[in-house]
Structure formats: structure tokens, C-alpha cells
Visitor: 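Right, I'll just put the structure down here and ask away after.
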Amino acid sequence: MIIATNVSKSFGKLSVLQDISTTCHAGQSIALIGPNGSGKTTFIKCLLGMVVPDSGFITFDGKNIGKDWQYRDRIGYMPQTGRYPDHMTIGQVLDMMTDLRGKRRGDLDRELIVTWQLDAMLGKRMGTLSGGTRQKVSAALAFLFRPDVLILDEPTAGLDPLSSEMLKDKIRREREQGRLILITSHVLSDLEDIISEIIYLQDGRLVFHKAWETLREDTGEVRLSRAIAQVMKKAN
């Protein structure tokens with residue numbers, strides 16, 4: 001579904017992505033991980049069309065995204081930190097995004113809105129919300145338009161344990177329905193039971209892209225953090 005081919009990006013003299021090539025298929029839940037400064041955020045922005053690679057290209061269902069911006073209608077994005085006008089209510093933000101996306105309200109996926117009881121808080125202004133509640137609004141928006149691809153940046157950050165499990169259950173169901181899900185998180189334990197594949201970046205380079213099951217078999221580890229540590233120890 002999404003193919004990156006020899007993608008490189010620099011900002012001035014700083015090389016952020018170096019010749020990244022990988023393929024992400026529908027029906028997979030892929031962890032995009034790596035240390036700070038590894039290029040994860042820039043790679044996500046390239047997928048979203050927010051950053052243009054210096055070389056290489058990305059295709060979405062066989063079409064070069066640099067020549068077909070409409071692919072973004074099929075992506076749901078949850079940023080690490082959602083920023084919304086403080087004076088707007090939750091309901092106004094949801095209505096605004098629905099109007100911008102040109103979607104009929106009957107076609108919306110409101111499961112998380114109901115699950116987290118955001119429908120009882122539609123009149124609350126964004127500026128008065130806790131960080132966890134703002135995170136819930138961001139997650140609800142990502143899933144709202146039933147996208148084919150979900151890109152979730154630190155999705156469980158700020159969520160209480162119960163809300164986090166509700167979100168992970170939603171991610172599992174969406175993957176089972178054939179959606180491609182890309183997830184970044186520094187809390188690797190949050191990923192272990194919801195991912196099928198792992199993309200690991202370091203210093204702007206792709207270290208590996210493999211199935212989580214294969215990584216477990218290769219390392220003999222059941223914890224993602226320990227498996228990654230073992231791979232990196234051998235690499236060094």
C-alpha cells in the first residue's frame with residue numbers, strides 16, 4: 001500500500017533520512033521505533049506530504065504522492081501533541097473537521113467518542129481540557145473518517161490505563177478489518193500486543209523492517225525492548 005524508495009532528507013548540513021526503502025502493506029500494524037533523532041518524525045511527515053524528500057519517492061497504492069495529494073483523504077493522523085483553538089468546543093472541532101473532510105455525518109466512526117464518553121462533553125472548550133482528554137479527541141479524530149491508513153504518534157501518551165486499553169482494542173479491530181496502521185511510541189511495552197511488524201530507524205537509516213514474530217524467534221525474547229536491545233548489541 002505504501003512504498004518508500006530510496007528516501008533521503010537533509011535540513012541544511014543535517015542528514016535526517018538516508019536512503020530509506022521499505023514497504024508497508026494493508027492489514028498490518030507496524031511499530032515505527034528508534035532513539036530520539038533517528039528520523040521517525042521526518043519519515044512520518046514525508047508520508048503525510050508535509051516534508052518533501054530531497055531524493056527518492058513514496059507511492060500510495062502505486063501512485064507517487066508527490067503528484068497525487070488526494071491520497072491524504074485516506075489517512076487518519078494522530079499527532080503526538082494535538083493543537084486546537086482553545087476557544088472552540090469539542091463539538092465544534094469535530095464539526096469543523098467533518099466539514100473540511102467533506103464527510104457525511106452518518107458515515108463517521110464515532111466508536112471512540114462514545115467509548116470515552118466524549119459525546120457528553122461536546123460543549124467543553126478545548127482550552128479547559130486535561131492533556132488526556134485532548135489526547136482522546138485527537139484519537140477520535142484519527143479514526144473518525146474510517147481511513148485506510150492510520151498514523152498514530154505516541155497514541156497512548158497521557159491516557160490512563162483503561163483508556164489506553166480501549167484504544168489498543170480499537171487498533172486491533174481496525175487492523176483485522178484490513179487497515180494499515182503505523183504507530184510510534186517510546187513505551188515499547190504498549191506495542192507488544194498490538195503490532196505485527198517493526199521498522200527500526202537509527203541515525204536516519206533503516207536498521208531493519210521485519211515481522212514481530214520473526215524478531216522474537218531471532219532473539220529468543222518475548223519483550224520488545226529486550227529484543228531490540230539484543231539486535232542493537234549484535235550490530236555494534
Side-chain angles (χ1 to χ4, degrees), residues 1-2 4 24 26 29 32 40-53 57-159 163 166-167 170-171 173-175 177-184:
M1 174 172 275
I2 295 178
C24 303
S29 181
L32 177 62
K40 302 186 300 295
T41 298
T42 300
F43 186 60
I44 286 175
K45 289 183 177 180
C46 286
L47 296 179
L48 293 169
M50 298 168 65
V51 169
V52 179
F57 60 93
I58 297 170
T59 60
F60 187 107
D61 275 358
K63 295 182 179 179
N64 190 323
I65 67 172
K67 301 176 181 178
D68 181 29
W69 61 268
Q70 291 180 324
Y71 80 98
R72 285 179 285 189
D73 284 344
R74 298 171 60 190
I75 293 179
Y77 174 51
M78 180 183 178
Q80 181 175 351
T81 303
R83 294 181 173 85
Y84 309 97
D86 286 345
H87 68 281
M88 294 185 71
T89 66
I90 294 177
Q92 288 171 336
V93 169
L94 295 174
D95 288 344
M96 176 183 70
M97 295 306 299
T98 301
D99 291 340
L100 287 172
R101 295 290 288 259
K103 301 294 184 181
R104 294 183 300 179
R105 282 162 174 74
D107 296 334
L108 303 179
D109 180 352
R110 297 178 56 86
E111 180 181 350
L112 288 179
I113 295 174
V114 174
T115 297
W116 285 328
Q117 299 181 336
L118 294 176
D119 50 341
M121 305 169 58
L122 296 179
K124 289 196 172 184
R125 298 189 184 278
M126 298 300 298
T128 68
L129 303 181
S130 67
T133 302
R134 291 172 72 92
Q135 192 78 344
K136 291 176 182 178
V137 173
S138 292
L141 283 169
F143 288 88
L144 189 61
F145 305 108
R146 304 184 189 277
D148 297 318
V149 177
L150 286 149
I151 298 177
L152 311 176
D153 192 355
E154 301 284 350
T156 59
L159 294 182
S163 297
M166 290 175 174
L167 178 57
K170 178 66 171 175
I171 290 171
R173 291 195 299 274
E174 294 303 307
R175 176 194 163 197
Q177 293 179 23
R179 290 178 171 82
L180 167 61
I181 305 170
L182 291 167
I183 312 170
T184 72

Visitor: Counting C-beta onward and ignoring hydrogens, is there a side-chain heavy-atom pair between Tyr77 and Ile44 closer than 4.5 Å?
Guide: yes
Visitor: Is a side-chain donor or acceptor of Arg146 paired with a backbone partner of Leu108 at a separation under 3.5 angstrom?
Guide: yes
Visitor: For the side chain of Arg74 and the backbone of Val149, is there at least one donor-acceptor N/O pair under 3.5 Å apart?
Guide: no
Visitor: Do other residues, nucleotides or ligands put more than 12 heavy atoms under 6.0 Å from the CD atom of Gln177?
Guide: yes
Visitor: Has the side chain of Thr89 got a donor or acceptor atom that lies under 3.5 Å from a matching backbone atom of Leu122?
Guide: yes
Visitor: Quick one: CD1 on Ile2 to CG on Asp61, what's the gap to the nearest 0.5 Å?
Guide: 8.5 Å
Visitor: If every non-hydrogen atom of Ile113 is compared with every non-hydrogen atom of Ala140, which pair is closest and at what distance?
Guide: CG1-CB, 3.8 Å
Visitor: Measure from the side-chain N and O atoms of Arg125 to the backbone N and O of Asp86, and report whether any donor-acceptor pair falls under 3.5 Å.
Guide: no
Visitor: Within a strict 4.5 Å, meaning less than it, do heavy atoms of the Lys170 and Asp109 side chains meet?
Guide: yes
Visitor: For Cys46 versus Pro53, what's the shortest heavy-atom pair and its separation?
Guide: SG-CG, 4.1 Å
Visitor: Just by distance, do the side chain of Thr156 and the backbone of Leu159 share a donor-acceptor pair under 3.5 Å?
Guide: no
Visitor: Test your reading of the model: is there a side-chain donor-acceptor pair from Gln135 to the backbone of Glu154, 3.5 Å cut-off?
Guide: yes
Visitor: Is Phe43 close to Thr184 at the side-chain level, that is, under 4.5 Å between some pair of heavy atoms?
Guide: no
Visitor: Tell me, with the steps shown, if Leu47 and Leu182 meet side chain to side chain contact (heavy atoms under 4.5 Å, CB included).
Guide: CA-CA 11 Å; Leu47 296 179; Leu182 291 167; 3.6 Å; yes
Visitor: Any chance you could measure Leu48, atom CG, to Ile58, atom CD1, to the nearest 0.5 Å?
Guide: 9.0 Å
Visitor: Is there a side-chain contact between Thr133 and Leu118 in this structure, where contact means two heavy atoms from C-beta onward sitting under 4.5 Å apart?
Guide: yes
Visitor: When rounded to the nearest 0.5 angstrom, what is the spacing between OG1 in Thr115 and CG in Leu167?
Guide: 10.5 Å
Visitor: Within this structure, what is the NZ-CE distance for the pair Lys124 and Met126, rounded to the nearest 0.5 Å?
Guide: 12.0 Å
Visitor: Could you work out, with ring-ring contact (aromatic ring centres under 6.0 Å, His included) as the rule, every residue matching Tyr71, not counting sequence neighbours?
Guide: Phe60
Visitor: Report the distance from atom CG of Asp148 to atom CD1 of Ile75, rounding to the nearest 0.5 Å.
Guide: 9.5 Å
Visitor: How long is the gap from OG1 on Thr41 to CG on Asp153, to the nearest 0.5 Å?
Guide: 5.5 Å
Visitor: So does Asp107 pair up with Arg101, basic N to acidic O under 4.0 Å?
Guide: no
Visitor: Before you tell me yes or no, could you show the steps for Leu144 and Arg110 under side chain to side chain contact (heavy atoms under 4.5 Å, CB included), namely the whole-Å CA-CA distance, both residues' side-chain angles and the distance that decides it to 0.1 Å?
Guide: CA-CA 6 Å; Leu144 189 61; Arg110 297 178 56 86; 4.3 Å; yes
